[in-house]
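Quick notes on the structure that follows.
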Amino acid sequence: MKEEAKNCRLLTASEFEFQVNDKNIPYVVNLQERTCDCRVWDVSGIPCKHVALAIEHKRNNIELYTDPSFHKSMYMKAYSQKIHGIPDSTFWPSSNVYPTSILPPSIKRMPGRPKKHKRREVGEGSGVRKPSALKCSKCGHTGHNKRTCGGPPVHKRRGKGRVDFGENMPLEEAVRAVK
């Protein structure tokens with residue numbers, strides 16, 4: 001912890017309050033209230049690197065600032081009584097309180113409209129179609145639609161496909177196409 005604290009910079013605010021800059025992030029440490037802005041000390045009870053730097057600056061023992069539940073005296077007090085062994089489960093008395101097999105919970109239909117789309121498996125894909133190529137209904141070419149078409153209209157012949165009566169078609173060919 002002391003090696004991690006070497007990368008931090010300490011500024012003294014008062015006798016018990018310090019500002020520790022760790023990678024340009026300021027943390028306020030209050031030794032009297034036992035708080036640090038990183039909240040590691042508050043949650044775990046073990047001083048973080050910011051607190052360790054402040055304690056080292058005051059030349060105090062870090063063990064004085066740990067939570068009393070981590071002290072040796074508390075450990076000895078917790079295990080001072082006898083700890084009895086637990087017999088194997090085969091020696092436990094049988095009880096018919098719980099069934100021998102556990103059934104799954106009953107299915108409860110949730111309120112609201114059912115899902116419209118199929119729930120897909122992991123490797124099944126997204127199910128979203130890719131848009132097909134646009135085809136113009138005016139000129140018959142792909143890549144644009146009727147609204148954005150800039151070409152001349154194409155007239156249909158019944159049952160046979162499209163015939164283009166554009167400016168580039170000679171008159172004789174247009175007449176042949178109609179017949």
Side-chain angles (χ1 to χ4, degrees), residues 1-135 142-145 148:
M1 189 173 320
K2 287 185 180 179
E3 271 99 57
E4 292 176 11
K6 286 181 181 177
N7 297 329
C8 301
R9 214 174 113 224
L10 180 83
L11 301 169
T12 305
S14 68
E15 184 181 353
F16 296 105
E17 194 169 325
F18 301 92
Q19 179 178 332
V20 179
N21 293 329
D22 184 13
K23 297 179 185 171
N24 294 328
I25 301 172
Y27 296 97
V28 177
V29 175
N30 191 324
L31 296 178
Q32 196 169 19
E33 294 177 9
R34 296 178 177 257
T35 59
C36 178
D37 283 351
C38 74
R39 311 246 330 132
V40 172
W41 191 22
D42 303 344
V43 173
S44 68
I46 299 172
C48 61
K49 62 183 176 180
H50 313 116
V51 175
L53 185 64
I55 292 169
E56 187 178 313
H57 176 74
K58 285 192 61 95
R59 297 187 181 177
N60 285 343
N61 187 358
I62 197 166
E63 292 175 5
L64 298 174
Y65 292 93
T66 58
D67 193 72
S69 61
F70 293 108
H71 294 167
K72 183 180 176 182
S73 60
M74 291 299 281
Y75 179 82
M76 297 303 285
K77 186 177 179 182
Y79 292 104
S80 65
Q81 302 295 321
K82 292 180 185 176
I83 300 175
H84 299 285
I86 300 173
D88 188 41
S89 63
T90 56
F91 297 111
W92 293 354
S94 63
S95 125
N96 294 330
V97 176
Y98 299 107
T100 55
S101 63
I102 298 174
L103 301 173
S106 59
I107 298 172
K108 182 180 175 185
R109 188 160 180 234
M110 299 304 289
R113 189 178 180 109
K115 296 277 187 194
K116 183 178 176 183
H117 299 290
K118 175 186 171 188
R119 293 181 185 157
R120 301 193 180 272
E121 296 295 324
V122 176
E124 202 169 350
S126 65
V128 178
R129 289 186 190 175
K130 293 180 182 176
S132 60
L134 294 173
K135 187 172 183 182
T142 57
H144 63 277
N145 58 18
T148 59

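Side chains included, hydrogens not; waters and symmetry mates left out as well; all remaining heavy atoms used.
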### Message
Would H50 and F18 count as a side-chain contact (heavy atoms from CB on, under 4.5 Å) here? Give the steps.
### Response
CA-CA 9 Å; H50 313 116; F18 301 92; over 6 Å; no
### Query
Can you tell if the side chain of F70 reaches within under 4.5 Å of the side chain of E63, non-hydrogen atoms only?
no
### Query
Heavy atoms, side chains only, cut-off 4.5 Å: are N30 and E17 in contact?
yes
### Query
How about I86: does its CD1 atom have over 12 heavy atoms from other parts shown lying under 6.0 Å from it?
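Incorrect, the count does not exceed 12.
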### Query
More than 12 non-hydrogen atoms from neighbouring residues, nucleotides or ligands closer than 6.0 Å to CZ on F16, yes or no?
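Yes, the 6.0 Å shell around CZ holds more than 12 heavy atoms from other groups.
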[atom2] on [Y] to [atom1] on [X], rounded to 0.5 Å:
{"X": "I55", "Y": "I62", "atom1": "CD1", "atom2": "CD1", "value": "4.5 Å"}
{"X": "R34", "Y": "T66", "atom1": "CZ", "atom2": "OG1", "value": "7.5 Å"}
{"X": "M74", "Y": "D67", "atom1": "CE", "atom2": "CG", "value": "8.5 Å"}
{"X": "T35", "Y": "D37", "atom1": "OG1", "atom2": "CG", "value": "7.0 Å"}

### Task
Go through the steps to decide whether L31 and V51 satisfy the test side-chain contact (heavy atoms from CB on, under 4.5 Å), and finish with yes or no.
CA-CA 8 Å; L31 296 178; V51 175; 3.9 Å; yes
### Query
Between W41 and C36, what is the shortest heavy-atom contact and its length?
CE3-N, 4.4 Å
### Query
What are the two closest heavy atoms between I83 and Y79, and how far apart are they?
CD1-CD2, 3.5 Å
